[in-house]
Amino acid sequence: MKFSLMDNLGWAAGFASTAALLAVMLGRGRWRQFPVLTAWLIFLELRTMTLFELYIHGAFAWYAHIYWWALIPDFGLQLGVAFEIARIVLRPTGTWVRDARTQFLMAGAAGVVVAAVVAWWVSPPAQTALRAWRIRGNLFTSLVICELCVAAGVTANRLGLGWRSHVMAVGQGLTAWSGIAVLDNALQSYLGQGAMFRLLDDLRGNSFTLAMLWIAIQLWLPEPERQPIASELRRYILAIHKRVEYDLRRIDAPE
């Protein structure tokens, strides 16, 4: 197993862009708002360093084992980031806006089913079954992440909720990257191994690098002032406030 100069440059670019975003998360204190995103970035950096160390020492068997097994926590953390975006957008007061959780979970569950069906339906002309399942797995992961991020945005719009700037940056970056990854995996499933396969891999890697840099720049900048709260959300907050006041009066009332 030997990587080309372009492969190594793409590897380094992805590592550097992730490190830049992680530095912003820690240096600007954004990790408090995005703990799962921060954990995912740390995982990506540790995985990259481990794989590179194994690669330069020629431990290719260990490289393959760690590469494939690391896909499981990677996917889990990506799902966690998508739900973290939804939590921040749809729980502006610390409590889920009425109907927001149901709408998001229904949209997310439908997206997972669609992604599973599509990933099972495609028949990539790969040389080995393992490579074929790699393409299917990448397609499933990209579809799920893209659909969950879109579902959070659609649910927020339906409920009249405003996206905070930093959350919007994370959602935009991940949606753009996962959307390109979906197209990339779909083309790989159709074209199979060949010259285009490597070009498509490079496209996905470059889109990840650009997404990390976009998010890093946006999170480095101070967040703009919040927009006025939507009328439906304002009424919801007022109803919660009145309910709390009523419960407090009942507690304080003499028996």
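Each residue takes its place number in the sequence, starting with 1.
Remark: L46 CG to I42 CD1 distance equals 7.5 Å, nearest 0.5 Å. Taking CD1 of I215 as the start and CE of M25 as the end, the distance is 9.0 Å to the nearest 0.5 Å. Note that the OG1 atom of T18 and the CD atom of E45 stand 5.0 Å from one another [nearest 0.5 Å]. Atom CG of L41 is separated from atom CH2 of W31 by 14.0 Å, given to the nearest 0.5 angstrom. M212 CE to I217 CD1: the interatomic distance, rounded to the nearest 0.5 Å, is 12.5 Å.
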**Request:** List the steps and the verdict of side-chain contact (heavy atoms from CB on, under 4.5 Å) for F34 and I88.
**Result:** CA-CA 9 Å; F34 301 100; I88 296 172; 3.5 Å; yes
**Request:** Check the pair L210 / W214 against side-chain contact (heavy atoms from CB on, under 4.5 Å), numbers first and verdict last.
**Result:** CA-CA 6 Å; L210 293 176; W214 161 261; over 6 Å; no
**Message:** The test is side-chain contact (heavy atoms from CB on, under 4.5 Å); show your working for L174 and Q78 and say whether it passes.
**Reply:** CA-CA 9 Å; L174 291 182; Q78 288 184 47; over 6 Å; no
**Stepwise side-chain contact (heavy atoms from CB on, under 4.5 Å) test for L21 and L213** = CA-CA 7 Å; L21 177 53; L213 291 176; over 6 Å; no
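Under a hydrophobic clustering in which Ile, Leu, Val, Met, Phe, Trp and Tyr are joined whenever their side-chain heavy atoms come within less than 4.5 Å, directly or via other members, I85 and F43 fall into the same cluster. Linking ILVMFWY residues whenever their side-chain heavy atoms come closer than 4.5 Å, directly or via other members, places I66 and Y55 in the same cluster. Transitive grouping of hydrophobic side chains (ILVMFWY, heavy atoms separated by less than 4.5 Å) brings W62 and I56 into a common cluster. Clustering ILVMFWY residues whenever any of their side-chain heavy atoms sit less than 4.5 angstrom apart, transitively, puts L51 in a cluster other than the one holding W69.
F52 pairs by the ring pair (Phe, Tyr, Trp, His ring centres under 6.0 Å) definition with W11, not counting sequence neighbours.
Listed for the E84 side chain is a donor-acceptor partner under 3.5 Å among the backbone atoms of L37. The closest donor-acceptor contact from the side chain of S178 to the backbone of T175 lies under 3.5 Å. Distance alone, capped at 3.5 Å, places no donor-acceptor pair between the H65 side chain and the F60 backbone. Between the side chain of R30 and the main chain of V24, no donor-acceptor pair closer than 3.5 Å is present.
Proximity of R28 to L219: side-chain heavy atoms (C-beta onward) are nowhere separated by under 4.5 Å. Counting heavy atoms from C-beta on, the side chains of F208 and I180 never come closer than 4.5 Å.
Between W177 and W40, the ring planes are tilted. Angles from 30° to 60° get that label.
The heavy-atom pair separating G173 from A211 by the smallest distance is O-CB, 3.5 Å. Contact detail for P35 and R87: the closest heavy-atom pair is CD-NH2, 4.4 Å.
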